[in-house]
Amino acid sequence: MDDIRKHHQETQCIHASLKSDETGTVVTPIYQVSTFSFPDVDHGADLFADRKKGYIYTRMANPTIESLEQAVAVLEDGYNGLGCSSGMAAIHTTLTAMLSAGDHLICSDAVYGPTTTLIRDVLMRFGVQATFVDTSDLDAVRKALRPETKVLYIETPGNPTMVISDIKALSGIAHKWGARLVVDNTFMSPILQQPLKHGADVVVHSMTKFLNGHADVVAGMIVVSSEEDYKTFRSVLDETGGVIDPFNSFLVSRGIKTLAIRMQRHCENATKMAEFLGTHPLVDRVYFPWLPSHPNHEVAKRQMNGPGGVISFELKGGLKAGKILMNSVKFHMLAVSLGGVETLIEHPASMTHATMGSEARKKARITDGLVRISVGIENIDELIEDLERALAKVKASTKSPA
Ligand SMILES: *Cc1c(COP(=O)(O)O)cnc(C)c1O
């Protein structure tokens, strides 16, 4: 389908990935091979010289991987995609392709934890300078600009408070400065947000989350907006080697077939759950971009087609209440990660950030009552009942003497 880019995303989800072969397959098969043979020496020489199109070696290109790259690039309305072995491999490849020693990077202070660590503990060792700011504050971003600033890196919505950064305004600031804007679009998927259309230069995804959607793959994707970037990024990815493999590409391509309808249900369910939590007496605060009380609600409505499936909230009663809630839910599985069809719940103070201690957590702005839910596509009434039951247990326990 040559004109697939003109079609609706629901149609693109089904048709954008197809690379059929002479047998007429209706989905792209798994080309589970490391290397491709050449009919003769001249053909091999032409492939290496880029005079002919074809396959050489799977780290460089593979039909199953290409079909997924094509699908995500179409959905993001970008030039092309680069499939990576994880979201972190996509972020690492992107930043090493765009930055050199002496360059300066401005990064949202609310990005995914390992992204911060990658910048601080790896890139900065190689002479990259970085400043972390609240990128929902445009003045803070302007103040952080330096003559060496080459990249502005944001994640929106940002964890855990769902803070929203204005993609269009930030791309304007970056471009005026001669810098480029990278957006981690993992929380939204291209169905809910297309950063390139708002002026971003590069989009990265952890496909582990919504794009695959079934909690059975770790993978990443970069979508670039020009041929020039594509060539630079492809060469860095070839040489650093963090490529996705054919089997995982097949699984993610399969996940993408239902992306549009999954995102619709995630949004519906999460909105109902956020409304329920917002009225519950044991909940102090709900972080969800579609609630009018959200501080960046206006920007969210402008650049997002839906709120997504992730909700954070502050539970009254801190650590103890959080632990009881976690141990009382039935359909909410206790796990990190997000974006799958199953609902997951996480309480950082008792799980991921338990060893940090209360004081260090406070500094990192992780309160003891903070809970995150990645709302799945189960029946929402049953999910809310499950939460209601668990919250009743929290209430009962806080009444009894400690
Ligand atoms: C999970 C995640 C990543 C990292 O992705 P992996 O596939 O786990 O490497 C990056 N950014 C965001 C926003 C994420 O949620």
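Read the numbers this way: they start at 1 and go in the same order the structure lists the ligands and their atoms. The analysis underlying the following values was restricted to heavy atoms, covering all of them including side chains, and did not include hydrogens, waters or symmetry mates. Throughout, residue positions are numbered sequentially from 1 according to the sequence presented.
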**Study point:** Crowding at CD, Glu298 (>12 non-hydrogen neighbours, <6.0 Å)
**Key:** no

Revision key, fill the gap. Exactly one of Lys323, Lys316, Arg361 clears salt bridge (charged side-chain N to carboxylate O under 4.0 Å, His left out) with Asp368, and that residue is Arg361

Pick out the protein N or O atoms lying less than 3.5 Å from any N or O of ligand 1, and list each pair with its distance.
residue, atom, partner, partner atom, Å
ligand 1, 5 (O), Ser206, OG, 2.9
ligand 1, 7 (O), Gly87, N, 2.9
ligand 1, 7 (O), Ser206, OG, 2.8
ligand 1, 7 (O), Thr208, OG1, 2.6
ligand 1, 9 (O), Gly87, N, 3.0
ligand 1, 9 (O), Met88, N, 2.9
ligand 1, 11 (N), Asp184, OD2, 2.7
ligand 1, 15 (O), Lys209, NZ, 2.7

**Study point:** Summary of salt bridge (charged side-chain N to carboxylate O under 4.0 Å, His left out) pairs that have at least one residue in residues 233-253, sequence neighbours excluded
**Key:** Glu69-Arg234

Study note, to complete from the structure: For Lys197, the side-chain contact (heavy atoms from CB on, under 4.5 Å) test, sequence neighbours excluded, returns Asp77, Gln194

Practice item. Sort and list the pairs that fulfil salt bridge (charged side-chain N to carboxylate O under 4.0 Å, His left out) and have at least one residue in residues 141-152, not counting sequence neighbours. Key: Asp103-Lys150, Asp139-Arg142

Check your understanding: Taking all atoms of both residues into account, what is the closest heavy-atom pair of Met188 and Pro307, and its distance?
Key -> CE-O, 3.6 Å

